[in-house]
Amino acid sequence: MKIITWNCNGAFRKKFESLIDLSADIFVIQECENPAETKDHKYIQWANNYLWIGDPKNKGLGIFAKENTNLKLLDWSDNYKDHKVKHFLPCLINEQFELLAVWTHQNKSPNFGYIGQFWKYLQINKINFNNSIITGDFNSNVIWDEWDRWWNHSDVVRELEEIGIHSLYHKFTNEQQGKESCPTFYLHRNLLKPYHIDYYFASTSFLNNLNNIIIEPFEKWNHLSDHSPIITTFNF
């Protein structure tokens with residue numbers, strides 16, 4: 001199975017064809033349009049098996065799969081003490097494992113933006129993570145940890161590891177959090193401002209069956225987005 005995550009930087013209806021040759025079973029796409037509210041017929045035809053969530057119709061979070069892949073939306077909570085966090089899209093794949101798509105936001109929160117949003121989501125849903133893949137744009141890295149917060153990137157990584165969920169990139173490359181050799185994002189597409197902010201976290205069973213994880217070269221994608229696609233392949 002091949003899964004790709006990519007923040008397309010908007011206008012996905014004009015960019016989805018660039019992914020076709022990668023031939024993934026599942027695409028997790030951030031900043032994409034809602035196929036149900038577009039007039040682009042090619043995009044509608046391509047997106048014939050999908051789930052989507054978002055605020056404006058033209059910039060949300062989508063999961064797109066091949067026709068023979070069963071996507072079942074899961075009823076997980078996104079409310080933490082009356083605060084709705086975003087964006088998180090959980091589904092069941094082929095009745096076999098949970099896939100949680102992620103695109104974290106600042107969400108008008110002075111303290112719990114970005115990784116804080118995921119930390120909140122984790123507190124109310126970690127009981128649901130049984131055989132899971134969590135992937136997307138987290139807008140976070142350990143280099144931005146703040147010492148007086150308990151929802152730092154490092155804290156989230158530690159809490160996930162406590163329930164048997166690990167970062168596939170870091171396990172595969174044996175690199176440390178915050179010392180990644182391959183960026184996933186270039187701020188304003190500036191090659192002098194590289195960051196690693198997109199991730200796959202997964203249960204041990206996926207780690208054991210991980211065949212490869214590839215961050216696509218940015219020069220192939222910088223005309224389309226400030227992020228590179230990340231490709232994972234599994235031996236199952």
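Everything numeric in this text was worked out from a predicted model, so none of it was measured.
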Roughly how far, to the nearest 0.5 Å, is [atom2] of [Y] from [atom1] of [X]?
X    : Y    : atom1 : atom2 : answer
I133 : S203 : CD1   : OG    : 8.0 Å
Q177 : D145 : CD    : CG    : 9.5 Å
Y80  : N125 : OH    : CG    : 12.0 Å
L61  : N34  : CG    : CG    : 11.5 Å
I197 : L187 : CD1   : CG    : 8.5 Å
H87  : E31  : NE2   : CD    : 10.0 Å

Flag side-chain contact, heavy atom, 4.5 Å: [X] against [Y]:
X    : Y    : result
Y200 : Y169 : no
L122 : L160 : yes
S18  : K220 : no
W52  : P35  : yes
V28  : L99  : yes
I163 : E159 : no
N222 : F218 : yes

Please say whether more than 12 non-hydrogen atoms of neighbouring residues, nucleotides or ligands are located less than 6.0 Å from [atom1] in [X].
X    : atom1 : value
I20  : CD1   : yes
K126 : NZ    : yes
E162 : CD    : yes
D148 : CG    : yes

Determine the minimum heavy-atom distance between [X] and [Y], stating which atoms define it.
X    : Y    : result
F97  : N131 : CB-O, 3.1 Å
F12  : C32  : CB-CB, 3.7 Å
N111 : R149 : O-NH1, 3.4 Å
R189 : N9   : NH2-OD1, 3.0 Å
L73  : P90  : CD1-O, 3.4 Å
S228 : I215 : CB-CG2, 4.0 Å

In terms of relative ring orientation, are [X] and [Y] parallel, tilted or perpendicular, with 30° and 60° separating the classes?
X    : Y    : answer
W119 : W150 : perpendicular
F64  : Y43  : tilted
Y195 : W144 : tilted
F118 : F88  : tilted
F138 : Y199 : perpendicular

Have [X] and [Y] got a donor and an acceptor in their side chains that come within less than 3.5 Å?
X    : Y    : result
R158 : N152 : no
S181 : E175 : yes
H170 : E180 : yes
D198 : T184 : yes
N49  : E67  : no
W221 : E216 : yes
N212 : T233 : no
T5   : Q30  : yes

Checklist entry - Any salt bridge between K59 and E33, counting N to O under 4.0 Å? => result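 No.
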Using only atom types and a distance under 3.5 Å, with no angle test, would you say the side chain of [X] pairs donor to acceptor with the backbone of [Y]?
X    : Y    : value
T232 : I213 : no
W46  : F16  : no
K15  : L224 : yes
N141 : H196 : yes

Hydrophobic cluster membership, [X] vs [Y], 4.5 Å side-chain cutoff:
X    : Y    : result
I115 : W103 : no
I93  : L51  : yes
I29  : L71  : no
F172 : M1   : yes
V102 : F201 : yes

Item to check | Evaluation steps, side chain to side chain donor-acceptor pair (under 3.5 Å), between H188 and K193 | outcome: CA-CA 8 Å; H188 307 309; K193 296 181 179 180; 5.5 Å; no
Checklist entry - Is the cationic atom of K2 (NZ for Lys, CZ for Arg) positioned less than 6.0 Å from the six-membered ring centroid of F234 and within 45 degrees of its normal? => result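 Ring-cation test returns no.
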Item to check | Intermediate values then yes/no, salt bridge (Lys or Arg N to Asp or Glu O under 4.0 Å), K86 and D55 | outcome: CA-CA 10 Å; K86 64 180 186 181; D55 293 330; 2.5 Å; yes
Item to check | I3, I4, I63 screened by side-chain contact (heavy atoms from CB on, under 4.5 Å) with F27, the one that passes | outcome: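 Running side-chain contact (heavy atoms from CB on, under 4.5 Å) over I3, I4, I63 with F27 returns exactly one hit, I4.
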Next on the checklist: Under 6.0 Å between ring centres: does that hold for W76 and F129?
Outcome noted: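 Yes, the ring centres sit under 6.0 Å apart.
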Item to check | Partner of Q117 under side chain to side chain donor-acceptor pair (under 3.5 Å), chosen from N107, N139, D78 | outcome: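 Per the side chain to side chain donor-acceptor pair (under 3.5 Å) rule, the option paired with Q117 is N107, out of N107, N139, D78.
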